[in-house]
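Just so we're clear, the structure is a prediction, and the values are computed from it rather than from any experiment.
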Amino acid sequence: MELTQLEFFVSVVEEGSFSKAADRVFRTQPAVSISIRRLEQELGVPVFDRSQKTPTLTEAGELIYDYAKRMLTLRNEAQGVVAELRALERGRVRIGANESTSLYLLPHVILEFRRKHPQVKVEIFRHVSEHLPREVLDRNVDFAVLAFQPVDNDLKCFPILKDELVLIMSPGHPLANRESVSVKELGSESFLAHNVKTASRQKVIEVFAQHHTPLNITLELATVETIKRFVQLEVGLAFVPRMCVADELERGTISTVPVHGLSYRRVLWVAHRRVLTFSHAAQAFLGVLHQMARKQGKMKIPK
């Protein structure tokens, strides 16, 4: 079985015809047909039901298609690694992250990386944190930055940033000048929340319940940026990660007040496959991530 045969086979499946597949792989239609016939002879089973107007996969063909895609992906990865050995600037780094990490942490990492390797392409894929470990294991991304430490023997993780949940409000809010507030005092306030259920949101709900205090979530929004804007317009208060409002707190456009009895600290983790030969570009990016982690100093990981 040759990779060329698998490539022709995949092309026929994806193009839906032998003639279109031939155009795609720059071969004649007879050459593609002969290649598929040889593949079927080697397998001992037909991969297409040719009684249909368009090529239709047999049961065996469906199985082979899945394996063929993976084998061709591995071939492409191998070719990519060799190309990067010749010219690092043609490399690529793929990162998976959730919304807040994409907006407020990764820009600092990427700026440092691009200062050293300006021609390497960096791609960020946005997912909810729960999906990121699978994205790494499926080789869809090189690294993932998560708000929890995934438990998987096939993943290697290290902490990169400490963060905490903070209560934010407009500087003009009556509570903005207080040194601290109690959970009870927040029972009459309106709150804005992210419409994605997270561990931090659950923590807030639990603390309010423990204090027998209503948590009045009057508006759920799709992004942290929108939540911040509505807070500035005095639509309500919100709990967000501190890293998401660092700039606003520095400029004084948003205020934060400690909440007595409510403390939620988290660690952001970088995850990558444990058994992996990194591309030169990914290895360089990993070095920048480790450098940032070292700047955080010795971290005590929350239980």
Shortest non-hydrogen separation from [X] to [Y] and the atoms involved:
{"X": "Val120", "Y": "Arg114", "value": "O-NH1, 3.5 Å"}
{"X": "Ser102", "Y": "Pro107", "value": "O-CD, 3.3 Å"}
{"X": "Gly16", "Y": "Pro55", "value": "O-CD, 3.2 Å"}
{"X": "Ala222", "Y": "Glu99", "value": "O-OE1, 3.9 Å"}

Between Ser129 and Asn98, is any side-chain donor less than 3.5 angstrom from a side-chain acceptor?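 The criterion, which ignores hydrogens and geometry beyond distance, is satisfied for Asn98 and Ser129.
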
Assess, by modelled atom type and distance only, whether the side chains of Asp49 and Ser51 contain a donor and an acceptor separated by less than 3.5 Å.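 Asp49 vs Ser51: donor-acceptor pair found between side chains.
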
Residues [X] and [Y] bridged, charged N to O under 4.0 Å:
{"X": "Glu77", "Y": "Arg139", "answer": "yes"}
{"X": "Arg92", "Y": "Glu123", "answer": "yes"}
{"X": "Glu206", "Y": "Arg201", "answer": "no"}
{"X": "Arg94", "Y": "Asp142", "answer": "yes"}
{"X": "Arg242", "Y": "Glu250", "answer": "no"}
{"X": "Glu225", "Y": "Arg229", "answer": "no"}

Can you check whether [X] reaches [Y] side chain to side chain, under 4.5 Å on heavy atoms?
{"X": "Val47", "Y": "Leu43", "answer": "yes"}
{"X": "Ser263", "Y": "Glu164", "answer": "no"}
{"X": "Leu221", "Y": "Phe230", "answer": "yes"}
{"X": "Val267", "Y": "Leu161", "answer": "no"}
{"X": "Lys20", "Y": "Arg24", "answer": "no"}
{"X": "Pro133", "Y": "Leu146", "answer": "yes"}
{"X": "Glu234", "Y": "Ser170", "answer": "yes"}
{"X": "Arg251", "Y": "Glu248", "answer": "yes"}

Geometric cation-pi criterion, Arg70 with Tyr67: 6.0 Å, 45°: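 Yes, Arg70 sits over the ring of Tyr67.
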
Mutual orientation of the aromatic rings belonging to His272 and Phe143 [parallel < 30°, tilted 30-60°, perpendicular > 60°]: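 The rings of His272 and Phe143 stand perpendicular, inter-plane angle above 60°.
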
When the ring planes of Phe158 and His290 are compared, do they come out parallel, tilted or perpendicular, using 30° and 60° as the limits?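 It falls in the parallel class, under 30°.
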
Same cluster for Phe18 and Leu6 if Ile/Leu/Val/Met/Phe/Trp/Tyr side chains link at under 4.5 Å?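 Yes; tracing contacts between hydrophobic side chains, which count when under 4.5 Å, links both residues.
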
Please determine whether residues Val145 and Ile124 belong to a single hydrophobic cluster, defined as Ile, Leu, Val, Met, Phe, Trp and Tyr linked transitively by side-chain heavy-atom distances below 4.5 Å.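 The answer is yes; both residues are in one hydrophobic cluster.
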
Say whether, by atom type as modelled, one donor and one acceptor occur between the side chain of Glu42 and the main chain of Leu39 under 3.5 angstrom.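 Pair absent, no side-chain N/O of Glu42 close to backbone of Leu39.
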
Working note: Tyr264 + Phe239, criterion ring-ring contact (aromatic ring centres under 6.0 Å, His included); need CA distance, chi angles, decisive distance, verdict. CA-CA 10 Å; Tyr264 181 77; Phe239 287 97; over 10 Å; no

May I have the step-by-step check of side-chain contact (heavy atoms from CB on, under 4.5 Å) for Val207 and His211, ending in yes or no? CA-CA 6 Å; Val207 171; His211 286 78; 3.8 Å; yes

Show the numbers, then the answer: is there a side-chain contact (heavy atoms from CB on, under 4.5 Å) between Val10 and Leu72? CA-CA 9 Å; Val10 168; Leu72 293 175; 3.8 Å; yes

Is the distance between the ring centroids of Phe278 and Phe285 less than 6.0 Å?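 Centroid separation for Phe278 and Phe285: 6.0 Å or greater.
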
